[in-house]
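What follows is a set of notes on a single structure, which appears directly below.
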Protein chains: 2
Amino acid sequence: MTNRAKTTDDPLPTIGPARVVDETVAALRQAILSGDLRPGQKLSVPALALRMGISRSPVREAVLALTAEGLAVESRRRGVVVTELGLKETDAIHEARGPLEGFATRLAAERGPADLGERLDAILAEQAEAVAAGDEDKYFRTNAAFHSAIAAACDNAEIYRLLVSLEGRMALALRQVAARPGHRESGIEEHRKVVAAIKARDGSGAEAAMRAHLAATRQRVVSTLHPDDRMTVGSGAAE
Amino acid sequence: MTNRAKTTDDPLPTIGPARVVDETVAALRQAILSGDLRPGQKLSVPALALRMGISRSPVREAVLALTAEGLAVESRRRGVVVTELGLKETDAIHEARGPLEGFATRLAAERGPADLGERLDAILAEQAEAVAAGDEDKYFRTNAAFHSAIAAACDNAEIYRLLVSLEGRMALALRQVAARPGHRESGIEEHRKVVAAIKARDGSGAEAAMRAHLAATRQRVVSTLHPDDRMTVGSGAAE
DNA sequence: TATCTACATTTTACATGTAGAATTGCAAGC
DNA sequence: GCTTGCAATTCTACATGTAAAATGTAGATA
């Protein structure tokens with residue numbers, strides 16, 4: 001009933017951004033996640049501006065945005081470099097994802113849209129194709145799509161925001177890992193269990209399946225990055 | 001290899017940044033969290049630059065940084081405004097904090113530094129003073145310090161990063177709530193239970209106590225914001 | 001040869017310029 | 001009364017300028 005405010009209604013779809021900085025962020029993010037820009041590599045604003053044929057302003061803003069996103073880090077007065085993630089950082093990301101994405105999966109199962117299960121099935125079908133065809137890029141894209149779909153389905157903008165950030169950083173570290181034989185197949189199998197629980201609207205089961213998947217991924221990452229160490233990651237007091 | 005040559009290690013304390021943009025971010029963040037800049041208010045880059053006596057470049061970068069932090073939002077081509085958090089958003093933040101900060105509290109109890117309990121006690125003592133003296137600013141500062149100390153003690157940089165972001169946004173929404181009689185006292189009592197569990201190195205108990213505290217806070221926020229049914233804040237004649 | 005120093009180059013951080021879009025103010029029209 | 005039209009103004013987004021700092025490199029010195 002308080003609708004009489006004359007503030008902007010938003011009936012129209014808000015036409016595209018078409019901002020140079022947005023395209024620059026997208027291009028740089030793609031370059032980082034695809035490996036064109038390697039971890040540790042310097043992000044020189046003048047050089048990038050020259051290479052992309054634009055001025056330095058949008059490039060600088062894009063680099064700062066990626067820094068805020070966690071895909072790059074700045075060292076005081078010495079410029080910005082692509083984030084390097086070691087075992088310690090990767091482990092920390094997984095540790096953070098456990099409770100957060102587990103909870104998101106519970107919420108998605110309990111209150112997600114009706115067609116969520118089908119959409120996830122479609123993503124997994126694509127992912128299976130990618131594994132069969134050995135298409136690495138497609139595998140990573142579908143993997144990101146799977147987790148992103150769940151993060152969106154929990155209908156909590158804050159959780160979505162946090163998970164997008166975490167998953168972006170994960171993707172940086174994951175490239176060097178997933179190439180091991182069996183890893184991708186295992187991941188798909190674990191994904192299927194998550195989807196099954198979501199379809200059954202079993203919140204607890206979905207959360208458990210997601211946490212199991214993340215713990216397994218973490219174990220695979222650890223064993224790849226640090227093959228000698230048979231550390232048993234914190235499955236002890238977890239619950 | 002990764003052999004460090006005879007280059008300088010880290011003998012000196014890495015002299016301060018002294019960057020204008022850093023001071024600008026700090027000043028704007030302070031202005032937003034203290035209420036000098038109200039939710040919904042426009043952040044005009046030229047106006048701020050003029051008022052602060054600096055050029056537009058660092059102001060623009062600062063505003064973008066605050067946007068990435070979630071304290072401001074940009075609407076396409078119409079500039080940046082201080083974030084407005086309604087009941088829905090505040091509720092989402094609490095929902096996200098539950099599992100994440102609960103887990104952080106568990107980790108802090110299980111592997112936090114030995115003097116964590118004492119440090120938290122000191123913070124709570126200050127907070128009790130603030131409540132007794134009716135010092136609102138001090139109450140908010142100590143509250144932030146309490147949660148931040150736990151986030152830091154869990155020894156996971158990712159969790160810390162996410163919680164700092166969430167708690168910053170919380171602080172934006174919390175100002176209008178905590179003034180109700182009894183709220184602050186209840187908060188301190190719940191804090192004490194968390195500290196007791198941490199001192200006992202009881203991870204599960206600490207997690208439960210923190211989640212109970214967050215749930216209670218959420219309930220207090222809802223009961224404060226809902227009766228009036230004012231989903232959007234600041235409808236008054238702000239200027 | 002190894003180390004230091006001086007110079008050239010690059011880069012960051014901030015300042016300023018500017019086209020085009022959006023907002024605002026204000027008056028005419030219904 | 002409430003729109004509508006249009007000029008004036010403001011602001012965003014991008015481009016460019018520049019001092020100080022950092023880096024790289026060659027030459028000097030031991």
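Residue numbering restarts at 1 for every chain, and letters A, B, ... go by the order of the sequence lines. What you see is a predicted model, and the numbers here were worked out from it, not measured in a lab.
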Tell me if the side-chain of B/Ser57 makes a donor-acceptor pair with the base of C/dA15, cut-off 3.5 Å, by modelled atom types.
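Indeed there is one.
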Rounding to an integer number of Å, can you tell me how far [X] [atom1] sits from [N] [atom2]?
{"X": "A/Leu50", "N": "C/dT12", "atom1": "CG", "atom2": "C1'", "result": "17 Å"}
{"X": "A/Leu48", "N": "D/dA15", "atom1": "CG", "atom2": "P", "result": "14 Å"}
{"X": "A/Arg56", "N": "D/dT18", "atom1": "CZ", "atom2": "P", "result": "11 Å"}
{"X": "B/Lys42", "N": "D/dT10", "atom1": "NZ", "atom2": "P", "result": "12 Å"}
{"X": "A/Glu74", "N": "C/dT11", "atom1": "CD", "atom2": "P", "result": "17 Å"}
{"X": "A/Glu61", "N": "D/dC14", "atom1": "CD", "atom2": "P", "result": "7 Å"}
{"X": "A/Arg19", "N": "C/dA21", "atom1": "CZ", "atom2": "P", "result": "15 Å"}

Say you draw a straight line from OG1 of B/Thr90 to CG of B/Leu172; how long is it, rounded to the nearest 0.5 Å?
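Between B/Thr90 OG1 and B/Leu172 CG, I get 9.5 Å after rounding to 0.5 Å.
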To the nearest 0.5 angstrom, please state how far the SG atom of B/Cys154 sits from the CG atom of B/Leu163.
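Answer rounded to 0.5 Å: 7.0 Å.
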Are B/Glu23 and B/Arg19 ion-paired here, with the side-chain N under 4.0 Å from a carboxylate O?
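No.
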salt_bridge(B/Arg111, A/Glu95) N-O dist < 4.0 Å:
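Counted as a salt bridge, because a side-chain N and a carboxylate O are separated by less than 4.0 Å.
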Look at the side chain of [X] and decide which nucleotide, out of [options], has an atom nearest to it.
{"X": "B/Ile54", "options": "C/dT18, C/dT11, C/dA15", "answer": "C/dA15"}
{"X": "A/Ser55", "options": "C/dT18, D/dA15, C/dA13", "answer": "D/dA15"}
{"X": "B/Pro46", "options": "C/dT16, C/dT12, D/dC11", "answer": "D/dC11"}
{"X": "A/Pro58", "options": "D/dC11, D/dA15, C/dT16", "answer": "D/dA15"}

Looking for any heavy atom pair under 4.0 Å, which part of the strands does B/Leu43 touch: base, sugar-phosphate only, or nothing?
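Sugar-phosphate only.
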Indicate whether OP1 or OP2 belonging to C/dA13 is found under 4.0 Å from a side-chain N or O atom of A/Arg60.
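The answer is yes; a side-chain N or O of A/Arg60 sits under 4.0 Å from OP1 or OP2.
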Tell me if a side-chain donor or acceptor on A/Asp115 pairs with a main-chain N or O of A/Glu118 at a distance below 3.5 Å.
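It does not hold such a pair.
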